[in-house]
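Here the structure is laid out as structure tokens; the discussion comes afterwards.
Side chains are part of it too, since the values below use all heavy atoms of this structure and drop only hydrogens, waters and symmetry mates. Letters go in sequence order (proteins before strands), and every chain restarts at 1. All figures in this text were calculated on a predicted structure; none of them were measured in a lab.
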Amino acid sequence: METVIRTKDLTKRFGDFVAVDKITFEVQKGEIFGFLGANGAGKTTAMRMLCGLSRPTSGEAMVAGIDVYHKPEDIKKNIGYMSQKFSLYEDLTVLENIKFYAGIYGLTDKQIKDKSDELVEKLGLQSQAKVLVKLLPLGWRQKLAFSVAIVHEPKVVFLDEPTGGVDPSTRKQFWDMIYDASERGITIFVTTHYLDEAEYCDRICIMVDGKIKALDTPFQLKQNFKADNITEVFYQLARTAKRGDD
Amino acid sequence: MRTLKFLLQKEFRQIFRNKNILRMMFMVPVIQLIILPQAANYTIKNINIAVVDLDRSSYSSKLVNKVLSSGYFKLAEFSHTYKEAYHLIENDKADIVIEIPQGFEHNLEREGNQKISLSVDAINGVKASVGSAYLTRIIQDFNGQIRLDWVQPSMMNQMPTIDVASSNWYNPNLSYYLFMVPGILVLLVTMIGGNMTAQNIVIEKESGTIEQINVTPVKKYQFILGKLIPFWLLGVIIFTLGLTIARVVYGIIPLGSIALLYLFVSVYLIAIMGFGLLISTYSETPMQANSLIFFFLQIFNMMGGLYTPIDSMPAWARVITDVIPISYFIKVMRMIVIKGSHFHDIIPHILIVLLMGVILNTWAIINYRKTT
């Protein structure tokens, strides 16, 4: 197995506040790696460091074989990112957004054309291809944003609470897209606080107060904590949190 | 360069889809250039004058007629006493009182001199000083006339008088528009160029799309060029629109080379957009950017030499005008449009503005961070 993400004692401090406290883990190629934690547990900060958006205070991290600390710019060709904030251009159409991101990731004209046809068809957006993104319902926008985040077939895609505010059936479709990408060999790194979604992951990592408190497959975690589901596991761990829910 | 092509394509699409930007681009120059120069006019007319003529002689009425027929003054009232006239000033009905004392004609003929009193309401300083200057000039003129009346018969007795004849170069009719319109156009290009650039980037910050760009391989300089080029073009278009309005509405045709004007505006836009860019790197929300821009525009407006001559500012203020790009543009604009200056006359100005452009843009690029 090829290791796509590897961190060792990765830490981020904001003044006295330690947002991420010496986290160490590895993620394998094609894996769906779930990152769980209460608000303020440090999930987003950890993810931003791995994307090269935030400089680590100390520790090591490699993404797609590249050092995050020293070469954050080199990582960017190899990753996709979808933030909590909606990140497509609302005043551009569906097709224009796909073509724009495909273009800045350096796809050729032919690839751009093939890719946009393929995506529009897969998303069932044929009739909406020329509609401004701001006019699409949220669920569709999120699916589109995910497709755009992997338009360049990156090695890893980072998803920061991608299904926030999305209805259950669209969430299900969203996860189908995630499985599909994972089968193509794209490693998925996803944060969420929908605990039922955690069950869909190959492995999950639960963060509490900036530290990793548990890291295993959903099955193994349930066994270890003698719990029926991940929600229970999560509550057992979250109870130990000292940081307030912000 | 392929990346830049995609960035530009995206930017132009967004601009032409945004009705507000288009409105701002066309309405603002048209309205401002047509309305502002008419209102911000230094030619002062309709100064209300109260006349207290205690002499009621032929000379005194000659003088009063001369004043009232000059076109600058409007008679508020003929008052019988100074006190009465002073009331008019108090009640805002008169701006100036001219009091011709009793024995005006008598003293003038017998003794060869006579004093006249002018009282001026100086709340509006400009009106007061311009008004009393006009009046003094008219009285001097009157003085010269009567002197001539007396002297002419005896050609022998020549009184030496110095007559100052001034000719106004470059703007012979002292046309206020010729002075103001090019300046206001500069202000407009500055406002729109700086503001649109700053707003645009901050809006991307707020909506989160800039973060998405930051995780792509797009380089800082590519992103910034992708922003600067479209707004640079818009700036040139607005400038063209402004020149057209100046020509059609005010009949102002630049005396110097139009190509030279465009050369300067090209360089100037780079500097002012670098400034907008810098503001955007220091603000997180459009509101913050707005406040900063508003603050600086006030300074540009008052200290750029548009309304008040830079030479009459105190030394410390002149230092400020030296470091704000707009003062160079206003100077060069007037040089080329009114005076017909040539390339070699404006070389120092171009070089300074170019230097400012380099400094502002470098600063902005350094300060724009993809990583926090």
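- With a threshold of 4.5 angstrom between heavy atoms, A/Ile112 approaches chain B through side-chain atoms but not through N, CA, C or O.
- Between A/Glu73 and B/Lys220 no salt bridge is recorded (no basic side-chain N to carboxylate O distance below 4.0 Å).
- In this structure, the separation between CG on B/Asn214 and OG on A/Ser87 is 12.0 Å, given to the nearest 0.5 Å.
- The environment of NZ in B/Lys5 is crowded: more than 12 heavy-atom neighbours from other residues, nucleotides or ligands sit within 6.0 Å.
- For A/Leu132, the part sitting under 4.5 Å from any heavy atom of chain B is the side chain, from C-beta outward, and nothing else.
- Within the 4.5 Å cutoff, side-chain heavy atoms of B/Arg17 are placed close to those of A/Glu96.
- The neighbour count for A/Glu118 CD, taken as heavy atoms of other residues, nucleotides or ligands under 6.0 Å away, is above 12.
- Salt-bridge formation is detected for the pair B/Glu211/A/Arg48: a Lys NZ or Arg NE/NH1/NH2 atom is positioned less than 4.0 Å from an Asp or Glu carboxylate oxygen.
- Counting only distance, with no hydrogens or angles, the side chain of B/Arg2 and the backbone of A/Gly106 share no donor-acceptor pair below 3.5 Å.
- Among the residues in residues 98-105 of chain A, those with a non-hydrogen atom closer than 4.5 angstrom to a non-hydrogen atom of chain B are A/Lys99, A/Phe100, A/Tyr101, A/Gly103, A/Ile104, A/Tyr105.
- In terms of heavy-atom pairs under 4.5 Å with chain A, the best-connected choice from B/Lys10, B/Glu204, B/Gln9, B/Gln222 is B/Lys10.
- When every heavy atom of B/Arg13 is checked against every heavy atom of A/Leu92, the shortest pair comes out as CB-CD2, 3.8 Å.
- Screening residues 216-243 of chain B for ring pair (Phe, Tyr, Trp, His ring centres under 6.0 Å), with sequence neighbours left out, gives B/Phe223-B/Tyr368, B/Phe239-B/Tyr262.
- The environment of B/Lys205 atom NZ is dense: over 12 non-hydrogen atoms of other residues, nucleotides or ligands sit within 6.0 angstrom.
- When heavy atoms are compared at a cutoff of 4.5 Å, B/Leu7 approaches chain A by way of both its backbone and its side chain.
- No side-chain donor-acceptor contact under 3.5 Å links A/Tyr89 and B/Gln212.
- In this structure, A/His152 and B/Thr216 have side chains that are not in contact, with every pair of non-hydrogen atoms separated by 4.5 Å or more.
- Other residues, nucleotides and ligands place more than 12 heavy atoms under 6.0 Å from the CH2 atom of A/Trp175.
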task = Would you sort out whether A/Leu53 and B/Val215 count as a side-chain contact (heavy atoms from CB on, under 4.5 Å), showing the intermediate values?
result = CA-CA 7 Å; A/Leu53 283 174; B/Val215 293; 3.6 Å; yes
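- One finds the CG atom of A/Asp91 at 7.5 Å from the CG atom of B/Asn18 (value rounded to the nearest 0.5 Å).
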